[in-house]
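From a predicted model like this one, the values you see are computed outputs, not experimental measurements. Reckoned from all heavy atoms, side chains included, excluding hydrogens, waters and symmetry mates.
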Amino acid sequence: MRRAKLSTSFIELMATLSDSDFECESEDDSDADRTWKPKTSQNVGESDFSDSDGDCDQSIPYEVNMGWSQKPFTGTLLPGYNTYGPHLPINIPSPLTYVQKYLSNQHFENAELYTNMYALNKMGKELKATADEIKILYGVHAMMSILKYPRLRMYWNRSYGLNCISQAITRDRFLILRTCLHYVDINNRPTDNNSKLWKIQPIVDQVRNACRSISRSVGCYSIDEQMIPFTGRCPNRQFKKFCYYNVNKDFEIYQGAETPFQDKTLGQGPAVVIHLSQTIPEGSVLFFDRYFTTLSLMDRLISKKIMATGTIMSNRLKNVNFSQDKKFERGAWEEFTRGDNKITAVKWKDSKCVTLLSTITGAEPHVTVKSIANAWMEYREDAKCDYLKRNLGPYEL
């Protein structure tokens, strides 16, 4: 019965209201804002609280759209873009002068000491090696790396041996010096030294400190990995190098989990870039390949005021919807820019599709370049090369 009463009361209440009370006619609404329009999409960096009178509270936070959209990236010119090198020095020093910059006389004297100590402990007799002999040992190895024979002993052969080697040192003396060469006392290893390279750490530090002493200015740098040309059994044959126009400024020999990287929070690849880029000035540009490039690394470098460009694996850009590779023709590209306008991703096809990530330059402008079309060195002129890819050329990525 209560439900019937409520229904009757509701009907009576509705009957007392006029029909005009349910009609929303605009001509009777004097308080309506006739200038109101639906809110349009907002550009990144514009505040929802902007006001022409300037009375808004600028401290009110708003959320920036961090999604990716297909639009051009507004980049900047590379530092020193009009003075690309490398430029040869006016006065070229002798090869010996270059060697002395990296290996001092003190290094050879220490090698003499520990080589004799090892020989006495191993063979029970004095080797009487000298610093000059160790210098000759280094020089012979340098010559062997240039003029390669299939067998080591052939360098001392009377018929076709190399006089510059055979006259500098005898074969047996060379072999015994090479066997006994040491840089530390192997019987007194420091307890806190867990490096796999502790036996050769002095020469590694000597060369690396000389590389780090080379002056650094705002410019373009590259980071890459390289295999040490050694055919024997050694797990530590890979090292990371940090170059400026092919001049090595720093390096680190890879030792697996024991590699002395201070910051590994972003992964092994980004840890290399963070470690080797500690000494470059702000405003410089880094180039590296797909082994190192991640989105989080780019954000970290932006916070350090260092720009970067690198190829990237497509599975590391999950929120960027590039077209399939089969839809790209040679010279075509697609470009997506992140919502904060700080990073751009470009997919470009030459012989195959390449994806690049950059914080300094985008796909435009593009030019028409010559490229080798076949094995007969015939050129084609219809391949388009975008600006970003063209700047990666000098760094062999």
Side-chain angles (χ1 to χ4, degrees), residues 79-80 83-116 127-149 152 155-156 161-170 173-174 177-178 180-184 197 199-230 237 239-253 276-281 284 394-396:
T83 58
Y84 281 155
H87 304 289
L88 293 176
I90 298 176
N91 298 320
I92 302 178
S94 64
L96 181 60
T97 304
Y98 280 110
V99 173
Q100 291 174 345
K101 289 182 179 180
Y102 293 90
L103 300 174
S104 63
N105 290 329
Q106 184 63 42
H107 163 74
F108 292 103
E109 293 174 1
N110 293 337
E112 171 193 341
L113 172 64
Y114 294 115
T115 298
N116 288 326
L127 183 61
K128 296 182 179 180
T130 63
D132 290 337
E133 280 186 312
I134 296 177
K135 291 179 181 179
I136 294 174
L137 181 67
Y138 281 28
V140 170
H141 278 97
M143 289 298 299
M144 289 179 175
S145 66
I146 299 172
L147 303 174
K148 298 180 180 180
Y149 281 10
L152 182 64
Y155 289 98
W156 285 268
L162 293 178
N163 292 332
C164 60
I165 292 179
S166 60
Q167 293 178 4
I169 189 172
T170 63
R173 186 65 174 176
F174 171 82
L177 282 175
R178 192 166 101 154
C180 297
L181 181 63
H182 276 72
Y183 304 103
V184 296
L197 306 173
K199 289 184 179 181
I200 61 170
Q201 197 64 50
I203 188 173
V204 172
D205 293 340
Q206 178 86 18
V207 176
R208 182 164 50 201
N209 292 336
C211 292
R212 291 177 176 176
S213 65
I214 301 175
S215 61
R216 289 162 171 76
S217 59
V218 177
C220 299
Y221 299 83
S222 67
I223 293 177
D224 200 2
E225 72 276 359
Q226 182 175 336
M227 297 298 295
I228 299 175
F230 176 69
R237 291 188 298 164
F239 73 96
K240 316 299 181 184
K241 61 180 182 177
F242 170 59
C243 298
Y244 176 74
Y245 288 135
N246 294 327
V247 178
N248 201 346
K249 297 295 185 78
D250 200 354
F251 67 90
E252 188 67 52
I253 300 178
L276 295 179
S277 62
Q278 294 178 352
T279 58
I280 67 173
S284 298
Y395 302 93
E396 298 180 353

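Proximity of a side-chain donor or acceptor of Tyr155 to a complementary backbone N or O of Leu147 within less than 3.5 Å is detected. Lys101 places no side-chain N or O within 3.5 Å of a backbone atom of Cys211 that could act as its donor or acceptor partner. Distance alone, capped at 3.5 Å, places no donor-acceptor pair between the Thr115 side chain and the Glu112 backbone.
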As a quick check of understanding, evaluate side chain to side chain contact (heavy atoms under 4.5 Å, CB included) for Trp156 and Ile165, giving each step before the final call. CA-CA 7 Å; Trp156 285 268; Ile165 292 179; 3.7 Å; yes
Could you walk me through whether Asn248 and Ile214 pass the side chain to side chain contact (heavy atoms under 4.5 Å, CB included) check? CA-CA 9 Å; Asn248 201 346; Ile214 301 175; over 6 Å; no
I'd like to know whether Leu177 forms a side chain to side chain contact (heavy atoms under 4.5 Å, CB included) with Ile136, so could you lay out the CA-CA distance, the side-chain angles of the two residues, the decisive distance to 0.1 Å, and finally the verdict. CA-CA 10 Å; Leu177 282 175; Ile136 294 174; over 6 Å; no
Please test Lys135 against Asn105 for side chain to side chain contact (heavy atoms under 4.5 Å, CB included), starting from the C-alpha separation and ending with a verdict. CA-CA 9 Å; Lys135 291 179 181 179; Asn105 290 329; 3.1 Å; yes
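Lys249 NZ to Ser215 OG: the interatomic distance, rounded to the nearest 0.5 Å, is 6.0 Å. Distance check: Ile200 CD1 to Leu181 CG gives 10.5 Å after rounding to the nearest 0.5 Å. Between the CD atom in Gln100 and the CZ atom in Phe108 there is a gap of 8.5 Å [rounded to 0.5 Å]. Here the CG atom belonging to Asp250 is positioned 9.0 Å from the CD1 atom belonging to Ile223, to the nearest 0.5 angstrom.
Ser145 and Ala142 get closest at one heavy-atom pair: OG-O, 2.6 Å. Among all heavy-atom pairs drawn from Lys148 and Met144, the shortest one is CG-O, 3.5 Å. The minimum heavy-atom distance linking Val184 with Pro202 is given by the pair CG1-CG, 3.5 Å. Annotation for Ile203 and Tyr183: closest pair CD1-OH, 3.9 Å, computed over non-hydrogen atoms. In terms of heavy-atom proximity, Ser284 sits nearest to Ser217 at OG-O, 3.9 Å. Here the shortest heavy-atom pairing between Leu162 and Tyr149 reads CD2-OH, 3.8 Å.
In this structure, the salt bridge (charged side-chain N to carboxylate O under 4.0 Å, His left out) partners of Glu133, at least two apart in sequence or on a different chain, are Arg173.
Side chains of Tyr221 and Arg216 form a contact here, defined as non-hydrogen atoms less than 4.5 Å apart. Two residues are said to be in side-chain contact when any heavy atoms from C-beta on lie closer than 4.5 Å; Val140 and Arg178 fail this criterion.
No hydrogens or angles considered: nothing links the side chains of Arg212 and Thr279 as a donor-acceptor pair under 3.5 Å.
Note: His107 and Tyr138 have tilted aromatic rings, judged against thresholds of 30 and 60 degrees for the angle between ring planes.
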